[in-house]
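The structure under discussion appears below in the form of structure tokens.
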Amino acid sequence: MVVETIRWVGGRDGHTVLIEQTLLPRENTLLEVRSVEGMVDAIYRLAVRGAPAIGVAAAFGVMIGVQGERGRSGEELLEHLGEVSARLAAARPTAVNLFWALDRMRARAQSEAAAGADGDGIVDALFEEGLAVWSEDRETCRRMGVVGADLIADGATVLTHCNAGALATAGCGTALAPIYEATEQGKRVAVFADETRPLLQGARLTAWELMESGIDVTLITDGTAGRVLAEGRVDAVFVGSDRIARNGDVCNKIGTYSVAILAREHGVPFYVVAPLSTFDRDLTEGAMIPIEERPAEEVARGFGPPTAPEGVKVYNPAFDVTPARLVSAIVTEEGLISEPDRDKVEAVLLAAGATLTDA
Ligand code: MRU
């Protein structure tokens, strides 16, 4: 049974409940979010994190932002929605699912307004849409798991980086979904989890949720990834993504690029598991992806006392970009994109009804 990371409680007067991930694994505490500021803060602090979960959090943030608006005209509601969305959009820059969810909510509101709905009608529709973002994410994770499980043989050992599991989605995860599914199918699967400096999502979150699910996990430092690959102890690498450009370049947690190079050097397949909501319809290559830079303290004193000299210069990008040529396949809910390139990625997006525009 995988953990439930984020959900909506109640109806129009309800609120969001999410696992406060900054406290894991010491404490498994739930956080109630009842304001837009609270949601922006939860996303920025990484109380809720991982691209699909951030998308769901943004959709729920919109619901919180409009729930108190009663008796408004359609036009007034749309204007208010624009302000709420702008605040949520500023929470974090890299995971495109956040912007995808806000765009989806705006599109729904606009189509209701165009059909003559007043403010209350639009709010009702936004609630329906936000809950659909949540439930569709659960189903999408399940489908990615089924597609990806075929890439995992009985007895395989998989290496993963960061946390792309249940804690990063509303469902059973992206990169970890095939591991959960393969295990369900009766295959024996073992996992090496990179600890993932500086905020230790691998150690704190991936190791925790896999242990909760009874899956064989071994924690390694990031520097040990090369060692276990050189020892021939890894059959495949599975990672998630925060944003994929239309040429197949993949942005994910800092350190993913190094793992991809190591995997190529050692002839080990490197798989990226991501829903179509993680593909950027506007960006033609990975170099265009905005990379979040986070505070120096996360590196120099991440969890308490200083681990570096006071005042040292720190460079702390939260993500990096792995070129498409290092990716063996991208696992999506619609199937596998093997050796991704622009033609293959754009074909999948167009088949899913996406509109592609060059930024
Ligand atoms: O900074 P985080 O913890 O939000 O970074 C998360 C990742 O990099 C994940 O690998 C990515 O969002 C995919 S999650 C399904």
Side-chain angles (χ1 to χ4, degrees), residues 2-3 5-6 18-22 24 42-58 91-101 137-138 140-145 148 159-180 193-210 222 237-244 250-260 270-280 289-295 298-299 302 316-322 327 330-333:
V2 293
V3 294
T5 297
I6 181 166
L18 49 87
I19 296 181
E20 170 54 87
Q21 298 192 31
T22 62
L24 285 172
I43 295 171
Y44 179 72
R45 287 190 302 106
L46 275 53
V48 59
R49 31 66 52 205
I54 291 173
V56 173
R92 287 188 82 185
T94 301
V96 78
N97 304 61
L98 186 148
F99 309 99
W100 168 88
D137 187 54
R138 295 168 70 83
T140 297
C141 290
R142 197 194 60 74
R143 285 165 60 186
M144 289 187 291
L159 183 142
T160 190
H161 189 75
C162 194
N163 173 265
L167 287 167
T169 66
C172 60
T174 61
L176 299 192
I179 295 166
Y180 288 125
D194 284 356
E195 65 174 351
T196 316
R197 282 278 290 152
L199 294 181
L200 304 180
Q201 286 93 332
R204 295 188 303 104
L205 309 178
T206 298
W208 180 78
E209 73 162 84
L210 289 174
D222 297 338
V237 174
F238 278 74
V239 295
S241 173
D242 291 87
R243 196 186 291 228
I244 299 175
V250 169
C251 178
N252 192 46
K253 178 54 56 191
I254 191 77
T256 302
Y257 174 44
S258 318
V259 176
F270 179 86
Y271 298 119
V272 176
V273 188
L276 295 185
S277 55
T278 296
F279 288 71
D280 193 317
I289 297 173
I291 302 292
E292 177 181 17
E293 276 190 48
R294 296 197 51 99
E298 291 184 353
V299 175
N316 184 21
F319 302 97
D320 60 25
V321 176
T322 297
V327 177
I330 304 176
V331 177
T332 79
E333 67 272 35

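All ligand and atom numbering here is 1-based and tracks the order in the structure. Worth knowing before you read on, the calculation uses all heavy atoms, side chains too, and leaves out hydrogens, waters and symmetry mates. One is the number of the first residue; the rest follow in order along the sequence.
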- Message: For Pro52, state whether at least one heavy atom is located under 4.0 Å from any atom of ligand 1.
- Response: yes
- So which bit of Cys162 gets within less than 4.0 Å of ligand 1, heavy atoms only: side chain, backbone, both or neither? side chain
- Query: Is the closest side-chain heavy-atom distance between Asn252 and Thr322 below 4.5 Å?
  - Reply: no
- Polar-atom distance check: Arg49 versus ligand 1, any N or O pair below 3.5 Å? yes
- Between Val239 and Val273, is any pair of side-chain heavy atoms under 4.5 Å apart? no
- Side chain or backbone of Asn163 under 4.0 Å from ligand 1, or both, or neither, by non-hydrogen atoms? backbone
- Task: Kindly identify the option in Ile254, Thr174, Ile54, Asn252 whose heavy atom sits closest to atom 15 (C) of ligand 1.
- Result: Thr174
- Message: Around atom CZ of Phe270, are there more than 12 heavy atoms from other residues, nucleotides or ligands closer than 6.0 Å?
- Response: yes
- Query: Do Arg204 and Glu209 sit within salt-bridge range, that is, some charged N less than 4.0 Å from a carboxylate O?
  - Reply: no
- Query: Which ligand 1 atoms are under 4.0 Å away from a heavy-atom of Ala164?
  - Reply: 14 (S), 15 (C)
- Message: With a 3.5 Å distance limit and no angle check, can you tell me whether Thr196 reaches the backbone of Asp194 through a side-chain donor-acceptor pair?
- Response: yes
- Task: Indicate, as side chain, backbone, both or neither, the part of Arg92 found under 4.0 angstrom from ligand 1 when only non-hydrogen atoms are considered.
- Result: side chain
- Message: Judged on heavy-atom distance to atom 7 (C) of ligand 1, which of Asp137, Thr278, Asp242 sits nearest?
- Response: Asp242
- Here the atoms of ligand 1 under 4.0 Å from any heavy atom belonging to Gln201 are 1 (O), 2 (P), 3 (O)
- Looking at atom 14 (S) of ligand 1, what's its closest protein heavy atom, distance included? Ala168 CB, 3.5 Å
- Message: Is the contact between Lys253 and ligand 1 made by the side chain, the backbone, both, or neither, using heavy atoms and a 4.0 Å cut-off?
- Response: both
- Query: Applying a 4.0 Å heavy-atom criterion (strictly less than), which segment of Ser241 is in contact with ligand 1: side chain, backbone, both, or neither?
  - Reply: backbone
- Polar side-chain atom of Thr5 near backbone of Ala166 as donor-acceptor pair, under 3.5 Å: yes
- Query: Can Leu205 be said to touch ligand 1, with heavy atoms closer than 4.0 Å?
  - Reply: no
- Item | Ligand-residue contact atoms, ligand 1 with Ala51, heavy atoms, under 4.0 Å | 12 (O), 14 (S)
- Will you find, in the side chains of Ser277 and Asn97, an N or O donor that is under 3.5 Å from an N or O acceptor? yes
- Item | Glu293 side chain to Asn316 side chain, donor-acceptor N/O pair below 3.5 angstrom | no
- Would you call Arg197 and Asp222 a salt bridge, taking side-chain N to carboxylate O under 4.0 Å as the test? no
